Protein chains: 2
Amino acid sequence: MSLQMALEVVRSSPDSLTSQIQRFIKEEIAAGVLHPGTRLPSSRRLAGDLDVSRSVVVEAYGQLVAEGYLEAAQGSGTRVVEHLSRQDTVVPTLLDEGWIPAVRWDLRTGARNTPAFPRQEWLACYQRALQAAGPESHAYPPLAGMGELRLELARYLGRVRGVRADPADLLVVSGFAQALGLLCGVLPQLGVTEVAVEDPGHPGQRQFVRESGLRPVPVPVDEEGIDVGALARTGVRAVVVTPAHQFPTGVGLSPERRAALVGWAREVDGWVVEDDYDGSLWYERGGRPLALQRLDPERVVYAGTASKTLAPGLRLGWVAAPPRLLGPLLRHRARHDLGTESLTQLAFAELLRSGLFDRHLRRLTALGRSRREALTEAVRRHLPGTTVLGVRAGLHAYLRLPPGTDEAEVVAGALRRSVLVRGGAGFHARWSWDAPALVVGHAHLPRSAITEAVRRLGSVGPWADPPASPRPGSSAASAGRRWS
Amino acid sequence: MSLQMALEVVRSSPDSLTSQIQRFIKEEIAAGVLHPGTRLPSSRRLAGDLDVSRSVVVEAYGQLVAEGYLEAAQGSGTRVVEHLSRQDTVVPTLLDEGWIPAVRWDLRTGARNTPAFPRQEWLACYQRALQAAGPESHAYPPLAGMGELRLELARYLGRVRGVRADPADLLVVSGFAQALGLLCGVLPQLGVTEVAVEDPGHPGQRQFVRESGLRPVPVPVDEEGIDVGALARTGVRAVVVTPAHQFPTGVGLSPERRAALVGWAREVDGWVVEDDYDGSLWYERGGRPLALQRLDPERVVYAGTASKTLAPGLRLGWVAAPPRLLGPLLRHRARHDLGTESLTQLAFAELLRSGLFDRHLRRLTALGRSRREALTEAVRRHLPGTTVLGVRAGLHAYLRLPPGTDEAEVVAGALRRSVLVRGGAGFHARWSWDAPALVVGHAHLPRSAITEAVRRLGSVGPWADPPASPRPGSSAASAGRRWS
């Protein structure tokens, strides 16, 4: 049966093809156009009809399955699920979460890819904060955040990330998404309507920028991080970067590029938004890169989050902003909400003040090192020819697959073996990706699960039976090689 | 010394004159145009220059003093404070809070006018929720709110407010401000760019609507609530109302008007936003008005908040929305934040589930009755000729002053006696108010403080020494009279 489906993709869109397909299918389901139980064309067929890589369709289907929109039954193809509540049809743009049927190993980055929440420490701090809270703590919180938290954050960010900021420069927000939303609301007031983003980068972030009414402009990333020359040629005046641990490639922005980026911002009277999403999680001894912001606090907006170190559910983030932006950001915020929940702010302030947060980070660091070892060892053993990148820090790794590997085949094969993993193609804004890769989130998995998931990957694609002969460069050493 | 100040007001603006003056002064201070220590003209002088009632200026100055922008020194007039941090210069538009120098009795409605937070009960519920929380509770919360809370809210709202909604119709938001912000973002997609608001009404709400890019259209309120005939004549297709306990007059929307309002909405294919800000606090036996929403859940958007019953600091509110609006609201929200903090939602769900919230409400009701008695008795004794309105419910009362009273003189005299209270004029969008009144928040004050504050009011304005002779209608009975 060769099913058809009315669907169009726009190659020039800043959205990846994968996310265009995903969004289209979601919207058609929400609109009642694609009815429950409807069978969809096979990924091979649809990819052919659209003239895109099969990997793109496989990944879109895989994610829609994971989010509960589609179901993939053995032998009977992919179909729209029978029971879908109204609520389920709207999904946050920056999220990857969702109910995961028949997927036992979820290697995606995003919502669930976070370490265990430090329940007892958090509760102790919440309790202390609540006991100490006077009536003013229960009133509307200051729009910029509770004074207690801004003080502790200024100390922490200076000490651990080298951020140059007074408490008065800080703005507590309900997660990085709100920070980005506020910036997208304020930048047009400064004459900025285009925002450069890293390519590859976070597809949800590109979409978020676009839906906020600005134009995202992808700029290539190489072994040293974002290409500042290419950035300058775009003519834009604002950019969002991940200097400590580029998402998803894991490279660090080189010292030369850092200087060039700040120089660019000064030259064009522009702004750099530093998304330091996982900068507090560093696994190597020494050499931890400090915040880019310290090079020029007047040009760099620093943004951090508790999502990677505590939990996304806390909806807690912070921004260190130059004075020229801080006022407009606060005024803009006053039109959207009236501040971030007080007690959560006070509990986090107490977690920082008491040193319990540092202790938690030390635990996370030890766990991260251990997961990194498990991953590197499993890749060396089961995925010969693959290079592991970006494991100096953070919660994910970037696996560069052997040249010529069919990325889509690996992703599809993995799903058949109950492993959900994303191919590199989904993170690219431009359809020019010829380096097959996988982006692997590992923070929520024990060592044994990482090992087993990678072992299963080792039976698909180029590693499938009959065993492929080892490719050039697939030495044990290459698994540890990094770009920077 | 007769100081001047460059300042203009727009009589046709939907903003009240008071809030225009306040905003102008704040902005000039923030911009560094009005320097620290600068003396300002007297309220009498400025009112004369602007050709407005002195009450308007007195109130604007009084609030700027309370918010820490200005200081009023005995004998040396009003001046800009010497030390104002950058953060202090941005104040949320819906708030009334702030540091209050030299004011011992703050009778304003708003941020601090809330009963004591039930610390032990909340902590117990937070702890239970945290103990029960699985990893999914720490992931990004569903945009519409945690399932546990939507279930408990649907039960509670049906039981206590007669709201007709399933959990799937509900959206948990970070306070009513966010609900209004989302609605203002979505209504233009439905062809609605003007929103009717009650007059008198919440000045911050009018401003919020305007800053969201929509035009607020004031519609008069009388003894039965909003004038639906006048509403129909405006030609708008959306309105925000407070049917249970109109803000600030305290009148209830009559059954006839309720039916007419819903009929209007159907006729014009329009929307009614029901701001049920204090509908859970009802002090009379029997006769509690149910939610307007139950008359037509397809046309009425119901919005509630925890700000009046628990604390504004929780930033917790909820919306029951018709299907036609719910999807757009969620999609719009995905561009601003990624949901409301999870653990706070789960703790509130547990507070509802356990019955502790109902117990808390019973306590609040007893306290509210007691405060009402104290206020009514003190007004009867110290403010002869004054009628107390709107004390069947909620956290504030509306005092209709004797005809001919100089409202501004009462407000200014009260401030000199360390009592900060708002005149009725500040709540009017149109400058046509000839009924002097005070709006008195009493939730945060013990009985003795209410009595003492009213006693002090009794020595200013028409009640100042030498004692004014009782005016017609100033019988003890009139203090208990109500409009509806």
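Source: prediction; values computed, not measured. Reminder, nothing fancy here: chain letters follow the sequence lines and each chain counts from 1.
With a 4.5 Å cut-off on side-chain heavy atoms, B:H336 and A:D337 do not count as touching. Counting only heavy atoms from C-beta outward, the side chains of A:L343 and B:Y126 never approach each other to under 4.5 Å. With contacts defined as side-chain heavy-atom distances shorter than 4.5 Å, the pair B:R331/A:E211 does not qualify. Inter-residue side-chain proximity for A:F176 and B:L338 is flagged as unmet; no heavy-atom pair is nearer than 4.5 Å.
The part of A:T340 that comes within reach of chain B is its backbone (N, CA, C, O), which places non-hydrogen atoms under 4.5 angstrom from that chain. For chain B, the nearby parts of A:Q131 are the backbone and the side chain; heavy atoms of each come within less than 4.5 Å.
Side-chain atoms of A:R119 come within 3.5 Å of backbone atoms of B:A133 as a donor-acceptor pair (strictly under, hydrogens ignored).
The heavy-atom pair separating B:P141 from A:P312 by the smallest distance is CD-O, 4.4 Å. Nearest heavy-atom pair, A:H138 versus B:F117, reported as atom, atom and distance to 0.1 Å: CE1-CD2, 3.2 Å.
Distance check: B:L123 CG to A:Q127 CD gives 4.5 Å after rounding to the nearest 0.5 Å.
The salt bridge (charged side-chain N to carboxylate O under 4.0 Å, His left out) pairs that include a residue from residues 313-327 of chain A are A:D269-A:R324, where partners are two or more places apart or lie in different chains.
Ranking A:G339, A:C184, A:G181, A:G175 against chain B, the residue ahead of the rest is A:G339, based on heavy-atom pairs under 4.5 Å.
A search for salt bridge (Lys or Arg N to Asp or Glu O under 4.0 Å) contacts involving B:E341 returns nothing, not counting sequence neighbours.
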